[in-house]
Amino acid sequence: MKDELRSAWHGRREAFFDYEHYLTTQKDWQALHLYRGGRLVEESAALVPAAYRALKDTAVETGVICPLLECHFSTLLPGAVIAPHCDLWNFSINLHLAVDIPDGCSITVAGETRSWEEGTCLLFDYSFEHAARNEGDRPRTCLLVDLWHPETTIPERHALVALITEIRRLMESG
């Protein structure tokens, strides 16, 4: 997975986008999407086939991914800071699979600061205040997967999907 990511980063940099976080775009935070808008991003299958296949098999086909949110390789460039914030919901949790982690990178959730360890996962409820930083000398990349919070019931999941899908449709139609 790490080799595929490096190859994509160096050979297909145009596939990575400035991360849109609420109403702002952060240029030092890059994203390569694997799942967005309720579907797998087929273009990513050729770039990062191992990650794509793992996501499809373990999260999409099992229904644990939250279809309202997304999955992407999250790359923080050296010097990048994601300011403290809380996301607007508590029906999902965020999994970070550490893929390429230089020294000097950390995440703070609810006042507790940790570093990522390559090949391991961090899982947290991002309705709690959280922030991240890369004080290292090269990009930091994690695979972020938005999963259903395990306490969100199946009927609640169906209701949330219907409600939020309709809200998004109405917002797009103006």
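Quantities reported herein were computed from a predicted structural model and do not represent experimental measurements.
- Between the side chain of Thr141 and the backbone N or O of Val99, no donor-acceptor pair lies under 3.5 Å.
- At least one donor-acceptor pair closer than 3.5 Å links the side chain of Arg140 to the backbone N or O of Ser74.
- Cation-pi geometry between Arg114 and Trp116 is not met at under 6.0 angstrom from the ring centre and within 45 degrees of the axis.
- Between Pro67 and Val161, the closest side-chain pair of non-hydrogen atoms falls below 4.5 Å.
- Salt bridge Glu166/Arg169: present, at least one basic N to carboxylate O contact under 4.0 Å.
- Counting heavy atoms of neighbouring residues, nucleotides and ligands inside a 6.0 Å radius, atom CG of Asp103 does not exceed 12 of them.
- In terms of heavy atoms, Tyr35 sits closest to Cys66 at CE2-O, 4.2 Å.
- Clustering ILVMFWY residues whenever any of their side-chain heavy atoms sit less than 4.5 angstrom apart, transitively, puts Trp9 in the very cluster that holds Leu143.
- Counting heavy atoms from C-beta outward, Leu69 and Phe91 have side chains that approach closer than 4.5 Å.
- Among all heavy-atom pairs drawn from Pro139 and Pro102, the shortest one is O-CD, 3.5 Å.
- Of the inter-residue distances, the one linking Leu163 atom CG with Arg168 atom CZ reads 10.5 Å to the nearest 0.5 angstrom.
- Using a 4.5 Å heavy-atom cutoff, the side chains of Cys105 and Asn134 are in contact.
- Under a hydrophobic-cluster definition in which Ile, Leu, Val, Met, Phe, Trp and Tyr are linked whenever side-chain heavy atoms come within less than 4.5 Å, directly or via other members, Tyr52 and Phe16 are assigned to the same cluster.
- When hydrophobic clusters are built by joining Ile, Leu, Val, Met, Phe, Trp and Tyr residues whose side-chain heavy atoms come closer than 4.5 Å, directly or via intermediates, Val109 is grouped together with Ile101.
- For the 3.5 Å distance criterion, the side chains of Thr75 and Tyr19 fail to qualify, holding no donor opposite an acceptor.
- Side-chain N or O atoms of Arg36 include none that pairs as donor or acceptor with a backbone N or O of His72 at under 3.5 Å.
- Val48 approaches Glu4 most closely through the heavy-atom pair C-OE1, 3.2 Å.
- Linking ILVMFWY residues whenever their side-chain heavy atoms come closer than 4.5 Å, directly or via other members, leaves Ile107 and Ile93 in distinct clusters.
- Defined by atom type and a distance below 3.5 Å, a donor-acceptor pair is missing between the side-chain atoms of Arg12 and Ser7.
- Two residues are said to be in side-chain contact when any heavy atoms from C-beta on lie closer than 4.5 Å; Leu32 and Ser44 meet this criterion.
- Two residues are said to be in side-chain contact when any heavy atoms from C-beta on lie closer than 4.5 Å; His130 and His85 meet this criterion.
- Atom CD of Glu151 has 12 or fewer heavy atoms from other residues, nucleotides or ligands within 6.0 Å.
- Contact check for Leu147 versus Leu123: side-chain heavy atoms found under the 4.5 Å cut-off.
- Within the 4.5 Å cutoff, the side chain of Leu97 has no heavy atoms near those of the Val145 side chain.
- In this structure, CE on Met1 lies 13.0 Å from CG on Asp100, to the nearest 0.5 angstrom.
- A side chain to side chain contact (heavy atoms under 4.5 Å, CB included) with Asp146 holds for exactly one of Val64, Leu95, Leu68, Asn94; it is Asn94.
- The number of heavy atoms from other shown groups lying within 6.0 Å of CZ (Arg138) is above 12.
- Ring pair His33/Phe17 is tilted by interplanar angle, where 30° to 60° counts as tilted.
- The two residues Pro78 and Gly136 make their nearest non-hydrogen contact at CB-O, 3.4 Å.
- No more than 12 heavy atoms of other residues, nucleotides or ligands lie within 6.0 Å of CD in Glu117, so this atom counts as exposed by the packing criterion.
- Residue Ser115 holds its OG atom at 9.5 Å from CZ of Arg133, rounded to the nearest 0.5 Å.
- Not a single donor-acceptor pair under 3.5 Å links the side chain of Glu70 to the backbone N or O of Leu144.
- Each of Leu34, Leu40, Ile65, Thr62 was scored for a side chain to side chain contact (heavy atoms under 4.5 Å, CB included) with Lys56, with one residue passing: Leu40.
- Side-chain atoms of Ser173 come within 3.5 Å of backbone atoms of Leu170 as a donor-acceptor pair (strictly under, hydrogens ignored).
- Trp89 places none of its side-chain heavy atoms less than 4.5 Å from the side chain of His149.
- Cluster annotation: Phe124 is connected to Phe128 through the hydrophobic network of ILVMFWY side chains, with a link wherever side-chain heavy atoms come within less than 4.5 Å.
- Shown here for Ala15 and Leu47, the closest heavy-atom pair between the two residues is CB-CD1, 3.5 Å.
- Side-chain atoms of Asp18 and Gln30 form a donor-acceptor pair, as typed in the model, at a separation below 3.5 Å.
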